[in-house]
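Reminder, nothing fancy here: chain letters follow the sequence lines and each chain counts from 1.
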Number of protein chains: 2
Amino acid sequence: MKIDPKSSADLSAQIAKAIRDAIISGDLIVDERLPSESELADQFQVSRPTVREALKRLAAQNLIRTQRGASGGAFVRRLSYDEAASQHITTSTLLLSMNAVDFETACEARFALERACAPLSAKRRTPDHLATMRAEIHRQAQPGLSDERFCESDVAFHRALVDGAANPVLSYQLAGAVEAMQPLMNMITFTQRNRDVIIGLHTRIANALDAQDSAAADTALAELTAYTLTLGEEAMAARAAAKAQSER
Amino acid sequence: MKIDPKSSADLSAQIAKAIRDAIISGDLIVDERLPSESELADQFQVSRPTVREALKRLAAQNLIRTQRGASGGAFVRRLSYDEAASQHITTSTLLLSMNAVDFETACEARFALERACAPLSAKRRTPDHLATMRAEIHRQAQPGLSDERFCESDVAFHRALVDGAANPVLSYQLAGAVEAMQPLMNMITFTQRNRDVIIGLHTRIANALDAQDSAAADTALAELTAYTLTLGEEAMAARAAAKAQSER
DNA sequence: CAAACATTAAATGTCAGACAAATGAAAATT
DNA sequence: AATTTTCATTTGTCTGACATTTAATGTTTG
């Protein structure tokens with residue numbers, strides 16, 4: 001584990017990279033303790049604050065955890081699915097908002113990926129998944145539900161669908177696509193009619209998964225994709241019109 | 001933007017969270033300059049090293065960039081697709097290796113997602129994508145190619161397939177699934193016969209996309225999935241046998 | 001002897017102040 | 001007018017110190 005003193009990059013960035021590489025390559029294994037900050041400072045020939053900045057970078061990526069006190073220190077952390085998913089969601093959300101990704105692109109990506117899960121979910125969904133989906137459908141039908149809550153429930157429904165595939169890697173990957181859509185979905189105003197259509201399609205999807213009918217699930221998902229796209233287009237058009245109005 | 005002095009969490013973590021939230025909520029926009037480190041230290045009532053640790057956390061997530069000198073400082077950074085994808089790949093790879101994800105699970109996830117891209121790719125692939133795929137197929141057929149290079153080319157082929165869908169969000173999401181599989185694929189020893197089968201399937205996929213025949217592409221991908229799975233199982237069985245041997 | 005308590009050492013968390021290095025802008029010079 | 005010099009600002013790094021947490025050790029006591 002060495003750094004290049006001639007490099008123009010920050011020392012803390014170099015040190016972080018050196019340790020990160022050691023973790024990725026397997027030189028440092030899960031729950032192994034890193035040398036203390038003073039020892040690392042000696043090893044890399046830098047001061048302790050510089051080492052600390054490097055460790056904070058790694059902590060931000062959930063690669064290490066630190067513990068105070070005697071026999072404390074920095075330990076290589078086992079990355080959990082939940083943590084990885086939450087990181088992934090944050091990054092995806094920021095990526096979409098900062099690059100002004102249009103509704104169509106995000107929507108297409110999300111539903112394409114979800115349709116990939118449907119056949120597996122039809123095969124493996126448990127009663128638990130079905131119950132979650134039906135509970136969310138019920139919630140979506142409640143009168144007086146705000147648009148935001150409706151979207152939240154929509155996300156929960158689709159996550160249950162994805163989780164039904166019983167593949168944690170798939171769930172992790174999909175979490176980013178599904179959750180990152182939420183800010184975009186929140187721009188839509190859902191009329192009662194809109195909701196009825198969506199709830200109807202959700203019900204068809206749940207029934208199809210219940211009957212382990214993969215083809216029916218796919219058809220319903222395709223229809224939901226098309227419908228969501230038209231809703232999104234309408235919302236974007238309405239926004240554009242409102243903007244033109246305010247600028248006049 | 002405030003922090004809770006009573007919280008047990010590190011001050012630098014709290015400050016990083018406060019700034020991160022401001023970025024996510026849109027209070028801080030792309031290319032906006034943050035206050036200088038001394039000013040932030042005053043605002044949050046902490047010392048400059050503490051502020052610096054917080055900023056390094058954000059830098060590790062590519063949320064800010066820093067510039068030295070007069071009129072320098074920390075600026076909110078636009079997250080690019082490439083950066084987000086590379087972060088996603090690192091996280092996915094670590095997640096798989098640290099949690100000892102089995103070949104079957106990862107493989108299933110990867111191909112399920114890829115098959116979701118195939119219809120879109122059949123519709124939109126450009127001559128460029130087809131050329132890349134054919135070039136990689138040609139590379140895969142070269143004699144004396146190491147297993148590692150073969151896998152590398154395989155990844156390049158599949159990324160071209162995904163990119164053919166012309167949906168950057170999809171490409172970003174898939175990058176994690178495809179690249180993270182590489183370490184697992186590297187455990188496989190590809191015989192000439194194995195390679196021939198894979199190259200044949202790759203050719204069928206390229207031809208199908210060329211002909212914009214989505215169904216044919218899906219069939220070939222399904223066969224490739226099944227074949228890769230058997231190869232993986234054999235490799236894992238061989239590994240287990242070798243281990244049993246060495247323990248005897 | 002065992003359990004409760006006090007002590008201690010090691011480690012991270014935080015702070016204060018200083019200097020180095022980079023950099024853009026203003027001032028001085030040619 | 002163009003070039004060079006100076007200068008103020010800001011991040012990068014270092015030194016040294018103190019606070020806080022925590023486990024291990026030692027001590028006392030029932």
Is it the case that the side chain of B:Ser12 and the backbone of B:Thr50 share a donor-acceptor pair, with hydrogens and angles ignored and the cut-off at 3.5 Å? no
The side chain of B:Val46 lies closest to which of these nucleotides: C:dC15, D:dT13, C:dT14? C:dC15
Between A:Lys56 and A:Glu53, is there a salt bridge with N-O shorter than 4.0 Å? no
Given atom CD1 of B:Ile15 and atom C1' of C:dT14, what is their separation to the nearest angstrom? 11 Å
Rounded interatomic separation in angstrom, taking CG from A:Leu40 and P from C:dG13: 13 Å
Contact string for nucleotides 6-12 of chain C, one letter per nucleotide 5' to 3', B = base within protein heavy-atom range under 4.0 Å, S = sugar-phosphate only, - = neither, reads ---BBSB
For A:Ser80, side-chain contact (heavy atoms from CB on, under 4.5 Å) partners two or more places apart: A:Asp82, A:Glu83
If every non-hydrogen atom of B:Ile23 is compared with every non-hydrogen atom of B:Ile64, which pair is closest and at what distance? CD1-CG2, 4.4 Å
Would you kindly give the CD-to-P distance between B:Glu53 and C:dA16, to the nearest whole Å? 14 Å
Rounded to whole Å, how long is the line connecting atom CZ of A:Arg65 with atom C1' of D:dT22? 15 Å
Can you tell me how far the OG atom of A:Ser153 sits from the CE atom of A:Met133, to the nearest 0.5 Å? 11.0 Å
How would you list, by chain and number, every residue that makes a side-chain contact (heavy atoms from CB on, under 4.5 Å) with B:Asp102, sequence neighbours excluded? B:Glu104, B:Thr105
In whole angstroms, the gap separating C1' of C:dG13 from CZ of B:Phe44 amounts to 18 Å
Interatomic distance where CG belongs to A:Asp42 and C1' belongs to D:dC14 [whole Å]: 14 Å
